[in-house]
2 protein chains.
Amino acid sequence: MNDIKQFLRSNALRPTKQRIVIAGYLFDGTDKHVTAESLSTELAKRKHIISLATIYNTLHDFYENGLLKKLTLSADRVYFDTNTDDHHHFYSEKEQFLIDINKNIKVNGLPKTPKNKKINKIEVIVHLDK
Amino acid sequence: MNDIKQFLRSNALRPTKQRIVIAGYLFDGTDKHVTAESLSTELAKRKHIISLATIYNTLHDFYENGLLKKLTLSADRVYFDTNTDDHHHFYSEKEQFLIDINKNIKVNGLPKTPKNKKINKIEVIVHLDK
DNA sequence: TATCAGTTTAGAATGATTCTAAAGTGTTGA
DNA sequence: TCAACACTTTAGAATCATTCTAAACTGATA
């Protein structure tokens, strides 16, 4: 609890009740993939009712501070990943199935980066099913 | 024109005025990336006013028939690619910058596919800038 | 050429996300 | 300790890409 407060402060985020609850859930030591909706549902189960607006705000605040990764898996919703290490994903849109690939993947044969551009990240998505 | 009709028929798509115009634009021999919106704008420039609903319908019809690839680049809109070969992309969300990587990319070190699943496709997105 | 299934379309509906502006709350300095 | 203020939260409205609806239209076929 105080760890969480410190953790938020150290990321220049005021430790409000809501952020403490959300951070407590997200950063409990196990990797998680969430959407605004799934996070809301999960917190509601735990009797923490936080407005969707705040959930969106908080996910973005955490993302802006590098505490979450944003995943681009399908065009209909945004996923956030608590595992911020370089890693990739197996994904089945049909089944909303999403698992980390933590093994060291190598992408070989990339052409040179376009002029005046820098690579921000390389995302490998292994789509399952169709 | 008759080629286009034949082309559509051979894909079990009735060659309507609208589909002929859209196919004529999309499959003119140069690779293209479009969204429903950009396609609509591009056709309007050519004095072809086609309803957005039809543009969405047609893009999906073409996609379902394997004439287009669907790209998952950002969560706010769907991109379609006339290049249906296996290939990947450089992408800058900020600049709406999108180019094909046609070189033979190899992804090494993938773990084994989850039980009872089959890989549909592997998508590599090289994100530029942030 | 009449018929009908397949298409197109305007406009409404949907659903994720963002915005607004008013009320609430950490933080800080005295 | 507390006043004051900047930062947050929130309900509800707004936005925007996309899908749906159901009525009008049009290729294909006999």
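These values consider heavy atoms only, across backbone and side chains, with no hydrogens, waters or symmetry-generated copies. Here the structure is a predicted model, which is why all the values come from computation and not from measurement. Below, chain A is the first sequence line, B the second, and so on; all start at residue 1.
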Pairs satisfying salt bridge (charged side-chain N to carboxylate O under 4.0 Å, His left out), at least one member in [range], at least two apart:
range	value
residues 71-80 of chain A	none
residues 41-56 of chain A	A/Glu42-A/Lys45, A/Glu42-A/Arg46
residues 27-40 of chain A	A/Asp28-A/Lys32

Could you tell me if the side chain of [Y] sits less than 4.5 Å from the side chain of [X], heavy atoms only?
X	Y	value
B/Val107	A/His88	no
B/Glu93	A/Thr72	no
A/Leu8	A/Phe62	yes
A/Arg19	A/Phe7	no
A/Leu59	A/Leu26	yes

Who are the salt bridge (Lys or Arg N to Asp or Glu O under 4.0 Å) partners of [X], not counting sequence neighbours?
X	answer
A/Lys5	none
B/Lys70	none
B/Asp3	none
A/Asp85	none

request  = Using heavy atoms and a sub-4.0 Å distance, could you list which residues of residues 34-62 of chain B are near DNA chain C? By number, please.
outcome  =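 Listed by number, they are B/Ile50, B/Ser51, B/Ala53, B/Thr54, B/Asn57.
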ask   = Is it the case that B/Asn83 and B/His33 place a side-chain donor and acceptor less than 3.5 Å from each other?
value =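 No, B/His33 and B/Asn83 have no side-chain donor paired with an acceptor closer than 3.5 Å.
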Are any protein N/O atoms closer than 3.5 Å to N/O atoms in nucleotides 23-27 of chain C? If there are, list each pair with its distance.
{"unit_1": "C/dG26", "atom_1": "OP1", "unit_2": "A/Lys17", "atom_2": "NZ", "d": "3.3"}
{"unit_1": "C/dT27", "atom_1": "OP1", "unit_2": "A/Arg9", "atom_2": "NE", "d": "3.2"}
{"unit_1": "C/dT27", "atom_1": "OP2", "unit_2": "A/Arg9", "atom_2": "NH2", "d": "3.4"}

query = In terms of the angle between their ring planes, are A/His127 and A/Tyr91 parallel, tilted or perpendicular, with boundaries placed at 30° and 60°?
reply =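 Geometry flag for A/Tyr91 against A/His127: perpendicular rings.
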task = Check every nucleotide of DNA chain D for an atom under 4.0 Å from a heavy-atom of chain A, then give the first and the last such nucleotide from 5' to 3'.
result =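 So the outermost contacting nucleotides come out as D/dA6 to D/dA11.
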key: d(CG, B/Asn65; P, C/dT7) in whole Å   =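 These atoms are roughly 10 Å apart.
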query = Checking A/Lys117 against B/Phe90: charged group under 6.0 Å from the ring centre and within 45 degrees of the axis?
reply =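 Not satisfied by the 6.0 Å and 45° rule.
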request  = Could you tell me, to 10°, how much the axis swings from one end of the helix from C/dT1-D/dA30 to C/dA30-D/dT1 to the other, five pairs per end?
outcome  =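 That helix has its two terminal axes inclined by roughly 30°.
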key: Any residue of residues 77-84 of chain B with a heavy atom less than 4.0 Å from an atom of DNA chain D   =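 Under 4.0 Å from DNA chain D: B/Arg77, B/Val78.
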